[in-house]
Amino acid sequence: MATLYVRNLPDDLYAKLQELAASQHRSINAQVITLLEQVLTTQAQETEEQKRQNVLKLLEESRNRRRVNPGDFGLPDSSELIREDRDR
């Protein structure tokens with residue numbers, strides 16, 4: 001198992017960590033591990049949620065795009081071309 005050392009930890013932050021660990025009946029080490037697990041799990045869930053939202057946004061944008069009409073670009077309608085060809 002890896003070991004993690006934290007240098008220059010502010011005294012007030014360490015005091016809060018001690019209080020939280022004591023209130024949860026954990027050692028400081030166990031409390032730090034628990035907090036890291038919670039944060040990393042939450043962050044991973046947020047990342048998945050962001051990906052899901054991006055896909056939903058992309059789908060919504062594609063649904064809202066209007067279909068391209070060839071007449072808008074000065075091109076003949078394909079049905080008119082087919083009718084001309086059949087009438088020959």
Side-chain angles (χ1 to χ4, degrees):
M1 204 173 261
T3 302
L4 175 68
Y5 295 102
V6 179
R7 296 181 184 178
N8 302 320
L9 185 66
D11 293 332
D12 59 329
L13 185 59
Y14 186 77
K16 289 178 185 177
L17 185 59
Q18 277 182 319
E19 290 174 18
L20 184 60
S23 70
Q24 300 289 323
H25 306 290
R26 294 186 179 124
S27 67
I28 292 176
N29 185 57
Q31 187 64 42
V32 168
I33 291 171
T34 302
L35 290 171
L36 286 172
E37 286 175 342
Q38 289 173 352
V39 167
L40 293 175
T41 301
T42 303
Q43 203 170 42
Q45 289 172 349
E46 288 175 358
T47 302
E48 287 299 318
E49 183 63 27
Q50 288 171 348
K51 287 179 185 176
R52 189 174 298 112
Q53 289 300 326
N54 288 342
V55 169
L56 292 175
K57 182 179 176 184
L58 182 63
L59 288 173
E60 185 65 27
E61 287 175 2
S62 67
R63 285 186 196 117
N64 289 337
R65 266 189 213 136
R66 68 182 193 102
R67 295 188 177 260
V68 177
N69 186 356
D72 293 344
F73 300 102
L75 300 172
D77 186 16
S78 60
S79 60
E80 292 173 11
L81 294 173
I82 292 170
R83 177 58 48 209
E84 282 180 26
D85 191 42
R86 289 182 181 166
D87 288 344
R88 285 191 223 177

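Residue numbers count from 1 along this sequence. In what follows, every heavy atom counts, from backbone to side chain, and hydrogens, waters and symmetry copies are set aside.
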Looking at Val39, Ile33, Leu40, which one forms a side chain to side chain contact (heavy atoms under 4.5 Å, CB included) with Glu37? Ile33
Contact summary for Ala21 and Ser27, nearest pair of heavy atoms: CB-O, 3.8 Å
Rounded at 0.5 Å granularity, tell me how far CZ in Arg26 sits from CG in Leu35. 8.0 Å
Return yes when atom CG of Asp85 has more than 12 non-hydrogen atoms of other residues, nucleotides or ligands closer than 6.0 Å, and no otherwise. yes
Indicate yes or no: at least one non-hydrogen side-chain atom of Glu48 is less than 4.5 angstrom from one of Lys51. yes
Is the number of heavy atoms from other residues, nucleotides or ligands under 6.0 Å of Gln43 CD greater than 12? no
Output for pair (Leu13 CG, Leu17 CG), nearest 0.5 Å, gives 6.5 Å
Report the distance from atom CE of Met1 to atom OG1 of Thr3, rounding to the nearest 0.5 Å. 9.5 Å
Answer yes or no: is there an ion pair linking Glu49 with Arg52, defined by an N-O contact shorter than 4.0 Å? yes
Got a second to check how far Lys16's NZ is from Gln31's CD, nearest 0.5 Å? 14.0 Å
Could you grab the distance from atom OG1 of Thr34 to atom CG of Leu20, nearest 0.5 Å is fine? 9.0 Å
Under the criterion side chain to side chain contact (heavy atoms under 4.5 Å, CB included), which of Glu60, Glu61, Gln53 is the partner of Lys57? Glu61
Step through the shown structure and confirm whether more than 12 heavy atoms of other residues, nucleotides or ligands are within 6.0 Å of CG on Asp87. yes
Please round to the nearest 0.5 Å and tell me the distance separating atom OG1 of Thr41 and atom CG of Leu36. 10.0 Å
Answer with yes or no whether the hydrophobic clustering places Leu58 together with Leu56; edges join I, L, V, M, F, W, Y residues whose side-chain heavy atoms lie under 4.5 Å apart. no
